[in-house]
Structures are given as C-alpha cells and as structure tokens.
Amino acid sequence: MNNIVVLVSGGGTNLQALIDAEKRGEIKNGKITCVISSNPKAFALERAKTNNIPIVVINNHDYTDNKAYSKAILDELNKQKADLIVLAGFMIILDECVTKAYPYKIINVHPALIPSFCGEGFYGLRVHKAALEYGVKVSGATIHFVNEKADAGAIILQGTVDVANDETPETLQRKIMENVEWKLLPKAVSLFCEGRITVKDGKAYVDI
Ligand code: GAR
C-alpha cells in the first residue's frame with residue numbers, strides 16, 4: 001500500500017476528489033495518509049479533518065526563504081514515509097532538495113495544457129485569465145511529474161474543454177476542474193499506485 005501525502009494551500013477541491021475516489025475504492029493500492037498545508041487557514045484542512053486524515057501545517061511565512069521552507073517540507077515527507085506526493089493546489093514551487101529526493105514520485109495538477117500558460121507566476125485564476133486573454137479555443141489541465149523546473153516534468157495525463165465565447169476566468173476554472181482535474185488527478189494517482197506509469201527518456205507512459 002502506497003502512503004499518499006497531499007500538499008495543499010487553498011480550497012482543496014482536488015483533495016476532495018482524491019478523498020472521494022479513495023472512498024469509492026478507485027485508488028488502487030494507495031491511501032491518503034497525511035495532508036500538509038502551507039496555509040493554516042486553508043479550507044482543505046477542514047476537508048481532511050472531516051475525513052480523519054492527519055494534518056500538518058507548515059506555514060511558508062514562518063520561513064526566511066524557499067530553501068529553508070522546502071527543507072521543512074522534505075523532513076515532514078520523510079517522517080511520513082511518503083511513497084507518493086500529490087501537489088493539489090499547492091501554490092509554492094519547491095526547491096530541488098525536495099524534487100531530487102523524490103524523483104518521479106511527486107505529481108502536480110496544473111490548470112492548463114502544458115507547455116502553454118505554465119511556469120513561474122502561472123497559478124490559480126491567473127492561468128485562466130492568461131488563456132482567455134490569448135483567445136484560446138480549448139484549454140484543460142495537465143497531470144505531470146514534478147522536477148527541478150516549474151511545470152516542466154513528464155506529462156502523465158491531459159484533458160481538454162472547449163472555451164465558450166462568454167467565458168470568464170472563473171467559469172473556465174470551474175469547467176476545467178469539474179471536467180478534467182477532479183477526474184484525471186485521482187486516475188493518475190491510482191495509475192501510479194498500481195505501478196502503471198513508466199518513465200523512459202524523461203517521458204511518462206501509461207500502461208493502459
Ligand atoms: C486548481 O485549479 C489547480 O489546478 C490549481 O489551483 C487550483 C486549486 O484548487 N493549481 C495551480 O495553479 C498550481 N500551479 P483546489 O485547492 O480547490 O484543489
């Protein structure tokens with residue numbers, strides 16, 4: 001059984017999708033054993049508590065720089081004996097001390113079709129605002145492994161939605177969450193726990 005540690009910063013709807021999938025028996029060979037939040041006020045923490053999942057708050061404002069913060073996260077991940085780390089709306093780019101310690105064991109959900117609208121500064125509603133300003137006709141979400149570069153790790157799954165003429169960043173965010181993120185994130189987590197994702201030459205392949 002894989003210990004899944006989920007990192008969050010905000011509302012936690014993706015965490016909820018993982019919890020619901022686990023309850024339905026859809027996360028094969030994996031269990032959410034801990035939720036770590038960068039934000040003590042994150043609603044995601046309430047979702048974890050309601051479901052009796054242990055929580056740990058590691059507040060980024062308590063650390064002088066990203067390296068020190070990342071080291072604290074790394075220590076907690078080691079303590080939790082994490083087999084898989086899921087960044088589910090986690091808004092901090094972790095230092096390489098974490099990514100190097102857990103190669104191909106950290107999964108992120110990004111709310112756009114990588115390599116578009118990604119990298120530093122592209123998070124949350126900003127991503128959807130940028131996509132709409134560009135005038136894209138499809139957008140979506142990407143589930144990918146996390147490496148040393150922001151949003152640049154091997155892509156595991158992607159899904160798309162059509163962009164309507166009257167779309168706002170808020171409606172596009174919701175559409176992508178409902179139709180892509182909440183479905184593909186639990187699916188990727190289960191595929192990982194079942195050992196059905198292989199990596200070759202830096203690319204990820206799903207064993208269908
Ligand atoms: C989600 O749309 C997620 O893809 C995005 O933030 C939202 C968090 O929602 N993540 C990023 O932008 C990370 N770069 P949630 O807290 O309700 O899961």
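All ligand and atom numbering here is 1-based and tracks the order in the structure. Position 1 is the first residue of the sequence, and the numbers go up from there.
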### Query
Are any of the side-chain heavy atoms of L172 and V161 separated by less than 4.5 Å?
yes
### Protein contact to atom 9 (O) of ligand 1 [nearest heavy atom, distance to 0.1 Å]
M177 CE, 3.3 Å
### Query
Which heavy atom of the protein is the closest neighbour of atom 1 (C) of ligand 1, given with residue, atom name and distance?
E181 OE1, 3.2 Å
### Query
Should E167 and K175 count as side-chain neighbours, where that means a heavy-atom distance under 4.5 Å?
yes
### Task
Considering the heavy atoms of H110, write down every atom of ligand 1 situated less than 4.0 Å from one of them.
14 (N)
### Task
Give yes or no for whether the N/O distance cutoff of 3.5 Å, strictly under, is met between G124 and ligand 1.
yes
### Message
Check this for me - ligand 1, G12, N or O atoms closer than 3.5 angstrom, yes or no?
### Response
yes
#### Entry: K71 and D75 ion-paired at < 4.0 Å
yes
### Task
Would you mind checking which non-hydrogen protein atom is closest to atom 6 (O) of ligand 1, with the distance to 0.1 Å?
M91 CE, 3.2 Å
### Query
Can we say K183 and E178 salt-bridge, meaning some charged N sits less than 4.0 Å from an Asp/Glu carboxylate O?
no
### Task
Measure the shortest side-chain to side-chain distance between L94 and L7 over non-hydrogen atoms and say whether it is less than 4.5 angstrom.
yes
### Query
Between Q173 and ligand 1, does any nitrogen or oxygen pair lie at a separation below 3.5 Å?
no
#### Entry: Inter-residue atom distance N60.CG - M91.CE, 0.5 Å rounding
12.0 Å
### Query
What protein heavy atom sits nearest atom 8 (C) of ligand 1, and how far away is it?
G89 CA, 3.6 Å
### Query
Which ligand 1 atoms does P111 reach within 4.0 Å, using its non-hydrogen atoms?
2 (O), 4 (O), 5 (C), 10 (N), 11 (C), 12 (O)
### Task
Considering the heavy atoms of Y123, write down every atom of ligand 1 situated less than 4.0 Å from one of them.
12 (O), 14 (N)
### Task
Please state whether the rings of Y134 and F117 are parallel, tilted or perpendicular, taking 30° and 60° as the class boundaries.
perpendicular
### Message
Is A44 close enough to touch ligand 1? Criterion: a residue heavy atom under 4.0 Å from a ligand atom.
### Response
no
### Query
Does the side chain of K105 reach to within under 4.5 Å of the side chain of D83, using non-hydrogen atoms?
no
### Task
Could you tell me whether some N/O pair between N14 and ligand 1 is separated by less than 3.5 angstrom?
yes
### pair L74-Y102: side-chain heavy atoms closer than 4.5 Å
yes
### Query
Of V109, I92, L18, which has the heavy atom at the shortest distance from atom 13 (C) of ligand 1?
V109
